[in-house]
Amino acid sequence: MPLTARIIYLRESRGLNRTRLAQLSGVSLRTLEDWEAGRRVPRDVYQIHAVAAALGMSIEDYLGL
């Protein structure tokens, strides 16, 4: 599964919209929108960790490693 689809799937499977995930993770809404649209890829390990933690998972699981 492409990373963009994986991010959307994980967020939606936990019943979160982008705004709520941004609030929980501290990652900006625009950044999350860009990741999901494929305009940018997650590169900042702190942002990746924050989103993974907000989703209740490890970075490895979040990235599908």
Side-chain angles (χ1 to χ4, degrees):
M1 175 183 302
L3 183 58
T4 55
R6 183 168 180 72
I7 294 169
I8 295 167
Y9 169 77
L10 293 170
R11 177 179 55 76
E12 290 178 346
S13 70
R14 284 155 177 79
L16 300 172
N17 61 32
R18 288 183 194 116
T19 302
R20 185 64 182 141
L21 182 55
Q23 292 168 341
L24 292 172
S25 67
V27 173
S28 76
L29 177 58
R30 179 157 187 176
T31 296
L32 291 173
E33 289 172 340
D34 285 349
W35 289 357
E36 289 187 2
R39 290 186 293 266
R40 293 185 356 193
V41 294
R43 291 189 184 142
D44 184 323
V45 70
Y46 300 105
Q47 289 180 325
I48 295 168
H49 180 265
V51 172
L55 294 171
M57 56 193 340
S58 70
I59 293 174
E60 294 83 6
D61 289 340
Y62 176 69
L63 296 175
L65 302 175

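Scope of the values below: all heavy atoms of this structure, side chains included, with no hydrogens, waters or symmetry mates. From a predicted model like this one, the values you see are computed outputs, not experimental measurements.
Every residue two or more places apart in sequence or in another chain that forms a side chain to side chain contact (heavy atoms under 4.5 Å, CB included) with Ile8 is listed here: Arg11, Glu12, Glu36. Taking Arg39 as the reference, Asp34 meet the salt bridge (charged side-chain N to carboxylate O under 4.0 Å, His left out) condition, with sequence neighbours excluded. Take Leu63 and apply the side chain to side chain contact (heavy atoms under 4.5 Å, CB included) test, not counting sequence neighbours, and it matches Leu3, Ile48, Ile59, Leu65. In this view, Ser58 and Glu60, Asp61 satisfy the side chain to side chain contact (heavy atoms under 4.5 Å, CB included) rule, not counting sequence neighbours. Residues passing the side-chain hydrogen bond (donor to acceptor under 3.5 Å, both in side chains) test with Arg14, sequence neighbours excluded: none. Listed by chain and number, the residues in a side chain to side chain contact (heavy atoms under 4.5 Å, CB included) with Leu29 are Arg18, Thr19, Ala22, Glu33 (sequence neighbours excluded).
The environment of CZ in Arg30 is sparse: at most 12 heavy-atom neighbours from other residues, nucleotides or ligands sit within 6.0 Å.
Heavy atoms only, all atoms of each residue included: Trp35 and Thr4 are closest at O-CG2, 3.2 Å. In terms of heavy-atom proximity, Ala50 sits nearest to Ser25 at CB-O, 3.3 Å.
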Legend entry - Derivation and outcome, side chain to side chain contact (heavy atoms under 4.5 Å, CB included), residues Val27 and Leu21: CA-CA 8 Å; Val27 173; Leu21 182 55; over 6 Å; no
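Gln23 contributes atom CD, which lies 12.5 Å from atom OG of Ser28 (distance to the nearest 0.5 angstrom).
Tracing side-chain contacts under 4.5 Å through hydrophobic residues (I, L, V, M, F, W, Y), one reaches Val45 starting from Met57; they form part of the same cluster.
Contacts classified as side chain to side chain donor-acceptor pair (under 3.5 Å) and involving residues 40-49 (residues at least two apart or in different chains) are given here: Thr31-Arg40.
A 4.5 Å side-chain heavy-atom check between Pro42 and Val51 finds every atom pair outside the cut-off.
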